[in-house]
Amino acid sequence: MSIRHGLLALLERGPRYGSRLRTEFESRTGSTWPLNVGQVYTTLSRLERDGMIVQDGSDDAGHDLYTITDDGRAELRNWFETPVDRTSPPRDELAIKLAMAVGAPGVDIRDVIQSQRHHTLKAMQDYTRLKAQALADVPANRDEVAWLLVVEQLIFQAEAEARWLDHCESRLVRLAEAAATEPADDPGPSAARGPARTPAGRARSKR
């Protein structure tokens, strides 16, 4: 997630100081991605270094105010216009866990899937309740609309994860069934005919 661009978007609305930016960022995203003040000021320092923002006086309480520059607005416009890159997706801990669980000694991957499915469905229920609360009243401002978009994305993400877990379980079942129906190793032509009889054995059979 781009904290850098999120802060630029808030600064485009007017000068802000650090703790206010933190509060507005969390309000806009429903505290889904909480920030600490240190992260905010570190990011502001880098934005100032890159010419995206400048310090511009202070408010009545003595807070240093930051203002977006033309370069910052150009960077923000470019961010809005450029699709999020999906060709190099971030590492997903769940995908890595299941990949490593396949064939791991002493690990029943079905138990791993079941445990994760329970957690994912619980999270989806919690997000759905948050959405219902948000829709109890018509969203009154853009912060409430923004939070609604975020919580709906979390719901869709949880739904997709639950479907993927179902798919993983089905694939494991199919692989197990295929392994169970594979023919035994061919013992070879000699074993199929049984032990060869010796000449003495043939002689005894003629008696």
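Every heavy atom of this structure was used, including side-chain atoms; hydrogens, water molecules and symmetry mates were not.
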T120 versus A162, closest heavy-atom pair with distance: CG2-N, 4.1 Å
Heavy-atom pair of closest approach, residues E12 and L76: OE1-CD2, 3.2 Å
ILVMFWY network linking L154 to L135, side-chain heavy atoms under 4.5 angstrom: yes
Ionic contact status for R46 with D50, cut-off 4.0 Å: no
State the CG-CD distance between L149 and E144, to the nearest 0.5 angstrom. 12.0 Å
Backbone N or O of G51 within a donor-acceptor pair of the T69 side chain at under 3.5 Å? yes
Give the minimum heavy-atom separation between W164 and A95, together with the two atoms involved. CH2-CA, 3.8 Å
L172 versus R174: any side-chain heavy-atom pair under 4.5 Å? no
Tell me, with the steps shown, if D166 and R163 meet salt bridge (charged side-chain N to carboxylate O under 4.0 Å, His left out). CA-CA 5 Å; D166 289 342; R163 290 197 302 271; over 6 Å; no
Rounded at 0.5 Å granularity, tell me how far OH in Y66 sits from CZ in R20. 14.5 Å
Counting distance only, does the side-chain N/O of T82 pair as donor-acceptor with the main-chain N or O of N78 below 3.5 Å? yes
Rounded to the nearest 0.5 Å, how far does CG of L47 lie from OG1 of T42? 11.0 Å
Sequence neighbours excluded, every pair satisfying salt bridge (charged side-chain N to carboxylate O under 4.0 Å, His left out) that has a member inside residues 145-156: K131-E152
Note, L8 side chain near E75 side chain (heavy atom, < 4.5 Å): yes
Step-by-step side chain to side chain contact (heavy atoms under 4.5 Å, CB included) determination, D64 to Y17: CA-CA 6 Å; D64 292 331; Y17 55 87; 5.8 Å; no
Ionic contact status for R117 with E161, cut-off 4.0 Å: no
Does V102 belong to the same Ile/Leu/Val/Met/Phe/Trp/Tyr cluster as L175, with side-chain heavy atoms less than 4.5 Å apart forming each link? no
Compare all side-chain heavy atoms of W147 with those of L130 and state whether any distance is below 4.5 angstrom. yes
Given side chains that start at C-beta, do those of E24 and R28 come closer than 4.5 Å, heavy atoms only? no
Near R142 CZ, under 6.0 Å, is it more than 12 heavy atoms from other residues, nucleotides or ligands? no
Taking a hydrophobic cluster as the set of Ile, Leu, Val, Met, Phe, Trp and Tyr residues connected by side-chain heavy atoms closer than 4.5 Å, whether directly or through intermediates, do L148 and F156 fall within one such cluster? no
All heavy atoms of A101 vs all of V107, minimum pair found to be CB-CG1, 4.0 Å
Under 4.5 Å between side-chain heavy atoms, hopping through other hydrophobics if needed: is there a path connecting L121 to I113? no
Gap separating the CG atom of L44 from the CD atom of Q39, nearest 0.5 angstrom: 11.5 Å
Show the numbers, then the answer: is there a side chain to side chain contact (heavy atoms under 4.5 Å, CB included) between R86 and V84? CA-CA 6 Å; R86 298 301 188 194; V84 175; 3.9 Å; yes
For the hydrophobic clusters of this structure (ILVMFWY residues joined by side-chain heavy atoms under 4.5 Å, transitively), does one cluster hold both F25 and W79? yes
Would you give me the side-chain donor-acceptor pairs under 3.5 Å for residues 52-61, sequence neighbours excluded?
| residue | atom | partner | partner atom | Å |
| --- | --- | --- | --- | --- |
| D56 | OD2 | T67 | OG1 | 3.4 |
| D59 | OD1 | A61 | N | 3.0 |
| D59 | OD1 | G62 | N | 3.0 |
| D59 | OD1 | H63 | N | 2.7 |
| D59 | OD1 | H63 | ND1 | 3.4 |
| D59 | OD2 | H63 | ND1 | 3.0 |

Kindly give the heavy-atom pair with the smallest separation between I68 and L11, and that separation in Å. CG2-O, 3.9 Å
Gap between atom CD1 of I155 and atom CZ of R129 - 0.5 Å precision: 11.0 Å
Least distance between heavy atoms, C168 atom then L98 atom: SG-CD1, 4.1 Å
Can you tell me if R110 has over 12 outside heavy atoms packed within less than 6.0 Å of its CZ? no
Given 3.5 Å as the limit, does a donor-acceptor pair link the side chain of T128 with the main chain of M124, or not? yes
Check this for me: does any side-chain nitrogen of one of D92 and K97 sit under 4.0 Å from a carboxylate oxygen of the other? no
Let me confirm one number: the OG-CG distance from S115 to D108, rounded to the nearest 0.5 Å. 12.0 Å
Without hydrogens or angle criteria, can the side chains of T87 and D85 be said to hold a donor-acceptor pair below 3.5 Å? yes
R16 side chain to L21 backbone, donor-acceptor under 3.5 Å: no
